[in-house]
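I have placed the structure first, in the form of C-alpha cells, so that the comments after it can refer back to it.
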Amino acid sequence: MTEVSSDLFQSFIDQVKGYSPAVESVEVGYVEEVGDGIARVRGLQNVRFSELVRFSNGATGIAFNLEKNNVGVIVMGGYDTINENDEVRPLGRIASVPVGMGLVGRVVNALGEPIDGRGPIESTEYYNIERIAPGVMQRKNVGRPVQTGIVAIDAMTPVGRGQRQLIIGDRQTGKTAITIDTILNQKGQGLYCIYVAIGKRRGEIARLVAQLEEAGSMEYTTVVVASASEAAALQYIAPYAGCAIGEWFMENGMDALVVYDDLSKHAWAYREVSLLMRRPPGREAYPGDVFYLHSRLLERAAQMSDARGGGSLTALPIIETLLGDVSAYVPTNVISITDGQIFLESELFNAGQRPAINVGVSVSRVGGDAQTKAMKKVAGGLRLDLAQFRSLAAFAQFGSDLDKATKRQLDRGTRLTELLKQPQYQPLSLTDQVVILYAGTRGYLDNIPVARVKEWQAAFLRTYHSAHAHLAEEIAEKKVVTDETEAKLKSAIEDFNASWN
C-alpha cells in the first residue's frame, strides 16, 4: 500500500511540475439590437468580412457590415431567441463549405450541411464560399462542348465547358426544364453537376430531386438548397457555396457544371439584406454593388489551362423576366456578364413550340468552338434557314401569291421547326441529333406531312439504332461526318423513306 501511495504521490508531483499556465485571449461581442434576421453587435473589433460568428443560443451568423462602432451580422436561422446583450463569439474562419467527392449525390443547405437524412458528409477539405476568380493566364479558350441533349441548343446556341450561358425568360416558360435535361444528359459524360435552388418552394425541389434520382442522375449531382422559407441570408450565400463545391472539381482537373436557379431571387435576397443593413439603395432599391454581386460569382466559371490541370467549371445562370422585358436592371446586368443567352419566349411556349427558344435573340458568344465537327457540318445553315423562314412566314401572312421557291422554303422551315420540338426529360444523344438534323436540312423531310414529322423521327431513330448501329457508333465515337459516313447516312434515310408509310 505504501509503495502504491508513493507512486501516486510522485505522479502528482510530476504533474504539478509539468504544469505551465496558458492564457487564451478570446474576443467576445455583445448584441446591441436584433430583428428581421439582422443583429448589430458591438465589441468585435477584429472580425473579418464574411467571418462566421456564433450567438449564445447556438445560431450562426455572417459578418456583413463592418462599421466603426458595431458589426452588422446576418443571422442564418432562427433569431427569435437572440436577446440584447447576448454574447457573440467569432469562429475564426470565413464562411466555408465542405468540398470533395463526399458531396456527390447529396442534398445540402447553403452551409454544406446535409439535409437528405443520409448522415454526415465525408469531407476533410473546406473552401471559402467567396473566392477570387482564376486570372487570365490561368485560363485557356473554351473548346469542348457540354452536350445538353436539346437539339435547338446544341445546334444553334452551343454551350462549351467553361462557358457562362444565361437562360432567360418569363416564369413558366421552361427555364428549369432545360437545365434538368442538361443534367440528365451528362450520364457517362464525365461532368459533375451542382444544382443550386434559390428561393424555390420545398415541394418543387423535392420533385426535382426525385426526378434526378429516378433517372440515376444523382450519382454525379449535388443539390444545394436555399428554399423560399429560409432566411434571406442563406439565399444570398447559396450560389457562392454551390460555386465553391464546383471549383473543387475544376481545380482537381475535372469538369463541373453549376446551375443557379435563379439569380433574380438571389438579387432580391441581397436587396432585402442590404436594406435591412441600411445600405444606400440605388435603382429599383438595389444597392449600388448589385452588378458586382453577380460578376464575382460568374467570373469564377472557367476553362483552366493545361498547366493548371485542364479542369473546367461551366455556369448556367437563370434569370426570370417580367413580360419578356430583357432591358430591366438585373437581366441587363447578367446579360453583360455572360457569354451568351438562351431566350425563352412565352408566345412560342403557348403556341406549342417547346423548348420555346427564340432563335433570333438567343446567341452563344463561344459559337462553333463549342461544337463537334459532326454537328457543325449538319447544323451550319440551320440558324440562317430558320431566320429566313421567320421573315418569309411574316410576309406570307398577307396572303399574296408565292412562287415555288418561296413555298418550298416555307415548307422546309415548318418541318425544321417541328423537328426542334422536344419533350421534357428526353434529351437526345449527339448521334441522334446529327442524323435528324441531316435529314431536315438536306430536304429528306420535305414530303413528310408536318403533323407526322415527330412520328417519322421516332420511327427512323428506332430503325437507325437497330439496322445501322455501326453507323451510330461511328458518329458517336469519332464525332465527325466524313464523306463515307455521309453516303451511308444518306442511303439509310432514303431506304427508310422508301419503306415508311
Side-chain angles (χ1 to χ4, degrees), residues 52 93-134 138-139 144-149 159-163 179-180 182-198 205-206 208-226 234 237-261 297 300-316:
L52 291 175
R93 64 183 176 93
I94 302 296
S96 57
V97 289
V99 294
M101 296 302 294
L103 279 99
V104 177
R106 303 300 300 269
V107 181
V108 299
N109 65 12
L111 293 172
E113 299 164 343
I115 56 173
D116 52 8
R118 291 170 49 198
I121 286 171
E122 296 176 13
S123 174
T124 56
E125 202 172 350
Y126 282 76
Y127 272 14
N128 290 349
I129 62 169
E130 295 268 13
R131 305 178 81 235
I132 301 296
Q138 297 172 320
R139 303 174 181 236
R144 297 177 298 145
V146 173
Q147 293 292 342
T148 65
V159 181
R161 298 196 179 195
Q163 188 178 349
T179 60
I180 298 306
T182 303
I183 292 173
L184 296 180
N185 199 50
Q186 300 318 310
K187 186 175 266 188
Q189 302 289 329
L191 191 70
Y192 292 96
C193 302
I194 299 98
Y195 178 87
V196 185
I198 310 161
I205 297 166
L208 186 146
V209 173
Q211 180 65 43
L212 293 175
E213 284 177 342
E214 187 182 329
S217 299
M218 281 302 288
E219 295 169 10
Y220 51 86
T221 304
T222 304
V223 178
V224 181
V225 177
L234 292 170
I237 67 169
Y240 299 103
C243 188
I245 293 168
E247 278 177 320
W248 182 87
F249 295 103
M250 176 180 74
E251 292 176 7
N252 285 277
M254 293 175 272
D255 296 308
L257 167 77
V258 59
V259 175
Y260 305 113
D261 190 8
L297 170 70
R300 289 160 68 176
Q303 167 64 62
M304 302 300 280
S305 64
D306 295 334
R308 289 291 305 274
S312 72
L313 179 63
T314 309
L316 290 181

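Scope of the values below: all heavy atoms of this structure, side chains included, with no hydrogens, waters or symmetry mates. Please read all numbers here as calculations on a predicted model, not as lab measurements.
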With heavy-atom distances below 4.5 Å as the criterion, would you say the side chains of Tyr220 and Gln189 are in contact?
no

Is there a side-chain contact between Leu103 and Pro98 in this structure, where contact means two heavy atoms from C-beta onward sitting under 4.5 Å apart?
yes

Does the Asn128 side chain pair with the main chain of Glu130, one donor and one acceptor, at a distance under 3.5 Å?
no

May I ask you to decide if Gln147's main-chain N or O and Asn185's side chain share a donor-acceptor pair within less than 3.5 Å?
yes

Which pairs count as salt bridge (charged side-chain N to carboxylate O under 4.0 Å, His left out) when at least one residue sits in residues 301-314, sequence neighbours excluded?
Lys140-Asp306

Side chain to side chain, Leu316 and Val259, heavy atoms closer than 4.5 Å:
yes

Can you give me every donor-acceptor pair (side chain of residues 242-258, partner residue at least two apart or in another chain, under 3.5 Å) with its distance?
| unit_1 | atom_1 | unit_2 | atom_2 | d |
| --- | --- | --- | --- | --- |
| Glu247 | OE1 | Arg131 | NH1 | 3.2 |
| Glu247 | OE1 | Arg300 | NE | 3.4 |
| Glu247 | OE1 | Arg300 | NH2 | 2.8 |
| Glu247 | OE2 | Arg300 | NE | 3.1 |
| Trp248 | NE1 | Glu125 | OE1 | 3.1 |
| Glu251 | OE1 | Tyr127 | OH | 3.0 |
| Glu251 | OE2 | Arg131 | NH1 | 2.9 |
| Asn252 | ND2 | Trp248 | O | 2.6 |
| Asp255 | OD1 | Arg144 | NH2 | 2.8 |
| Asp255 | OD1 | Ser312 | N | 3.4 |
| Asp255 | OD1 | Ser312 | OG | 2.6 |
| Asp255 | OD2 | Arg144 | NH1 | 3.0 |
| Asp255 | OD2 | Arg161 | NH1 | 2.9 |

Of all heavy-atom pairs linking Pro114 and Gly119, the shortest is CG-O, 3.5 Å

Between the SG atom in Cys193 and the CD1 atom in Ile183, the distance rounded to the nearest 0.5 Å is 5.0 Å

So, do Leu313 and Met304 sit near enough that their side-chain heavy atoms are less than 4.5 Å apart?
no

In Å, rounded to the nearest 0.5 Å, how long is the span from CD1 of Ile121 to CE of Met101?
13.0 Å

Just wondering, are more than 12 heavy atoms of other shown residues or ligands nearer than 6.0 Å to CD in Glu122?
no

Does some side-chain heavy atom of Val104 sit less than 4.5 Å from a side-chain heavy atom of Glu219?
no

Would Leu297 and Tyr260 count as a side-chain contact (heavy atoms from CB on, under 4.5 Å) if you check the C-alpha gap in whole Å, the side-chain angles of each, and the deciding distance to 0.1 Å?
CA-CA 10 Å; Leu297 170 70; Tyr260 305 113; 3.6 Å; yes

OG1 of Thr148 to CG of Leu184, rounded to nearest 0.5 Å, is 11.5 Å

Given Tyr195, which of Ile180, Val209, Thr222 fulfils the side-chain contact (heavy atoms from CB on, under 4.5 Å) condition?
Ile180

Spacing of Thr314 atom OG1 and Gln186 atom CD [to the nearest 0.5 Å]
9.0 Å

To the nearest 0.5 Å, tell me how far Arg106 CZ sits from Arg118 CZ.
5.0 Å

Is the closest side-chain heavy-atom distance between Ser96 and Ile129 below 4.5 Å?
no

For the pair Gln303 (side chain) and Arg139 (backbone), establish whether a donor and an acceptor sit closer than 3.5 Å, ignoring hydrogens and angles.
no

State, yes or no, whether a side-chain contact exists between Val225 and Val107 at a heavy-atom distance under 4.5 Å.
yes

Has Gln211 got a side-chain atom pairing as donor or acceptor with Leu208's backbone, closer than 3.5 angstrom?
no

side-chain contact (heavy atoms from CB on, under 4.5 Å) between Arg93 and Leu52, intermediate numbers included:
CA-CA 6 Å; Arg93 64 183 176 93; Leu52 291 175; 3.6 Å; yes

Within a strict 4.5 Å, meaning less than it, do heavy atoms of the Thr182 and Val146 side chains meet?
yes

